[in-house]
Protein chains: 2
Amino acid sequence: MSHSYEHPRPALAVDCVVFGLDENGLQVLLVERGVAPFKGRTALPGGFVRLDETLEEAARRELEEETGLGAKVFLEQLYTFGDLHRDPRERVVSVAYYALVKLSDHRVRAATDASAAAWFRLGDKPQLPFDHEQILRVAKARLQAKVRYQPLGFELLPPRFTLAQLQSLYEAVLEKPVDKRNFRKKILSMELLEETGEREEGVSHRAARLYRFDRKRYVALEKAGVNFEL
Amino acid sequence: MSHSYEHPRPALAVDCVVFGLDENGLQVLLVERGVAPFKGRTALPGGFVRLDETLEEAARRELEEETGLGAKVFLEQLYTFGDLHRDPRERVVSVAYYALVKLSDHRVRAATDASAAAWFRLGDKPQLPFDHEQILRVAKARLQAKVRYQPLGFELLPPRFTLAQLQSLYEAVLEKPVDKRNFRKKILSMELLEETGEREEGVSHRAARLYRFDRKRYVALEKAGVNFEL
DNA sequence: CTCGGATAGTGTGAAAAGTACACTAACCAT
DNA sequence: ATGGTTAGTGTACTTTTCACACTATCCGAG
C-alpha cells in the first residue's frame, strides 16, 4: 500500500530515553535494533508515529513493544531533533521523550525479554547510532536540571523508600555528594513525604523508616505556586 | 508533482511565537493567514518544513517570509504539538519555536508589511485558530520561567538601554513589580552589563546611564557554571 | 550476652542572600 | 528660581544556606 502527498514529507519518529536507578547509579534502557539501518546495533527504543496516535501515545506504544514497559511510566517530551542527515537513509525527524522508571520493577523483564532490551550504566554503554548520543546528552542535562526544582526523583524509586535511598538518588543524578542532615531537613520541610510507620527489613543494622511520596499534596502545593528547589 | 511513501506520514510544520516589548508591555507578533484552513484569520506565523532544511531553518524562513524578521533573532525550540485534530483537515504535527526581538527595530516593518503582520498585546488579541492559544500559553510560561535564570531579557531591548528599561522589562514579563534598589544591586553584581559611558538623551529629567549587555562575558561565566537567577 | 560493625537519626552557629524601605541628585521646562 | 520627574544610592532585618560530629539502634559473631 502506498500513500501520496502533493509535497514531500519527512518521516516522523519518536525516540525514548528511559532512565532507571539501582545501586550502581543511573542507568539507561537500550534495545538491539531489529531493522535497518543499524540493524543489530544497540540504540534508543523508538519508531515511527502512526496517523491515529498522538506523539506521546506513539512513545508509549514503542516502549511497550520494545521494552515491555507499561503505560503508567513517567514520560515527558524532551526535544525534537531534525538535522538533515541524522538518519542516513532518508529525512527523519524525531520527537524525543524521556522516561523515569523504578528499575526494581523492570529489571527482570528487560533482562529476559525477547526484544533484547537491557540496562546500561551511562558510563559503560556502546556507542549509539543516529544522533542518539546527542539525544542522550540532552536527556541527561534535562534530568539534572529538572530534578532540582521538581520532585521527579520519586519516579525512580519503589513506592516506599528510605531517606538514604532518596539521597543517593539525588547524588547519582546530580553526580555530587549531598550533606545528609541538610538534605533531610530540606526534603522533609517540603512536606511531600509521608511516613508509612513501617521500617526497613532484613538489614543487619538499625532499620530506617520507610516513606511514601504524597502525590496529592504535591499537586496541591504546586498549584499554590510553592517552590521545590533542592 | 506527487510524492509516495509506503506508510502514511503526518505533515510536519513549524509555528513561531514572536515576543516583543514596548511601553505597553509584552506583545506578540501575529499574521493574517493567506491560505486555508482559517484563511483570513489571525494566527501564529508558521508553515510546512521542507526536506532540505532543518527545523530551525524552517522556522527562520517562515519568519522572514511572513513577518520580514531577519535571520539573527533569538530563536529557540519550545515544544512539539501533535494532537490528532489540531488541524481540522489532516494530521499535522507542529514544532513550535519562540523568538525574542527588539520591538523598536521591527515596529515599522511589521506595520507596513504586505504580509499583514502586526503586534498584539497579550491581553488584547483575537482568538487564535488551531491550537495556537495553547502554544502561546506554553510559550509565555516558558519565557517567564526562563527569564529568571537566563539573561534572555536583553534580546528584547535595544543594544543600549537604561537600568529602568531593563527593570520594566522584567516587570512586564514576570507581571509583578520589582524593587528598584535590589534589582540594580542584583543585576550589576552579575557583571554582565557594561557601562557605555553615554547617557539618555532628550528626556526632561535627569538622564540615565546607558548600559550594554556583555555577551562574551556571559558566555564565559555560563561555561564556568555561574548562576544567573534573578 | 556483649561487643563490634554498620547505618539511622538529630542540632547549632556562622555566612550569605534576600527583602523592605526613603532620601538626595540631576536635568528640563515653565 | 522653582516644580516636576526620574536617576541613583545604603542599611538593618530576616531568611536561607552551609559546614560539621555525635548518639541510637539493630544484627551477627564470638
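- Summarising the geometry, the separation between CG on Asn227(B) and P on dG18(C) is reported as 10 Å, rounded to the nearest angstrom.
- In this structure, CZ of Phe183(A) is placed 17 Å from C1' of dT16(D), rounded to the nearest angstrom.
- Listed by chain and residue number, nothing satisfies the salt bridge (Lys or Arg N to Asp or Glu O under 4.0 Å) test with Arg184(B) (two or more places apart in sequence, or in another chain).
- Atom-to-atom, CD of Glu229(A) to C1' of dG18(C) comes out at 14 Å; the value is rounded to the nearest Å.
- When the ring-ring contact (aromatic ring centres under 6.0 Å, His included) test is applied to Tyr98(A), no partner is found at least two apart in sequence or on another chain.
- A heavy-atom distance below 4.5 Å is found between the side chains of Leu26(B) and Leu143(B).
- Using a 4.0 Å cutoff on non-hydrogen atoms, no part of residues 157-178 of chain A comes near DNA chain D.
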Close N/O contacts between protein and nucleotides 10-13 of chain C (under 3.5 Å):
residue : atom : partner   : partner atom : Å
dT12(C) : O4   : Lys185(A) : NZ           : 3.0

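- Within the structure, every pair that satisfies the ring pair (Phe, Tyr, Trp, His ring centres under 6.0 Å) test and touches residues 159-209 of chain A, not counting sequence neighbours, is listed here: Phe154(A)-Phe161(A), Tyr170(A)-Phe183(A).
- Residues that satisfy the side-chain contact (heavy atoms from CB on, under 4.5 Å) test with Arg181(A), not counting sequence neighbours, are Asp179(A).
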Solution key, residues 218-230 of chain B side-chain donor-acceptor pairs under 3.5 Å, sequence neighbours excluded:
residue   : atom : partner   : partner atom : Å
Tyr218(B) : OH   : Glu222(B) : OE2          : 3.3

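- The CD atom of Glu195(B) sits 13 Å away from the C1' atom of dA7(D) (whole-angstrom rounding).
- Applying the salt bridge (Lys or Arg N to Asp or Glu O under 4.0 Å) rule to pairs touching residues 193-211 of chain B yields Arg160(B)-Glu198(B), Glu194(B)-Arg212(B), Glu195(B)-Arg209(B), sequence neighbours excluded.
- Summarising the geometry, the separation between CD on Glu200(B) and C1' on dC27(C) is reported as 11 Å, rounded to the nearest angstrom.
- Applying the ring-ring contact (aromatic ring centres under 6.0 Å, His included) rule to Phe130(B) yields the partners Phe38(B), His132(B); only residues at least two apart in sequence or on another chain are considered.
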Next on the checklist: Is there a side chain to side chain contact (heavy atoms under 4.5 Å, CB included) between Phe19(A) and Val173(A)? Walk through the geometry before answering.
Outcome noted: CA-CA 10 Å; Phe19(A) 289 110; Val173(A) 170; over 6 Å; no
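- Take Glu62(B) and apply the side-chain contact (heavy atoms from CB on, under 4.5 Å) test, not counting sequence neighbours, and it matches Val14(B), Glu65(B), Glu66(B).
- For Arg41(B), the salt bridge (Lys or Arg N to Asp or Glu O under 4.0 Å) criterion is met by no residue, not counting sequence neighbours.
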Just the atom pairs and distances: protein N or O near nucleotides 26-30 of chain D's N or O, under 3.5 Å.
none

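- The CD atom of Glu201(B) sits 10 Å away from the P atom of dC28(C) (whole-angstrom rounding).
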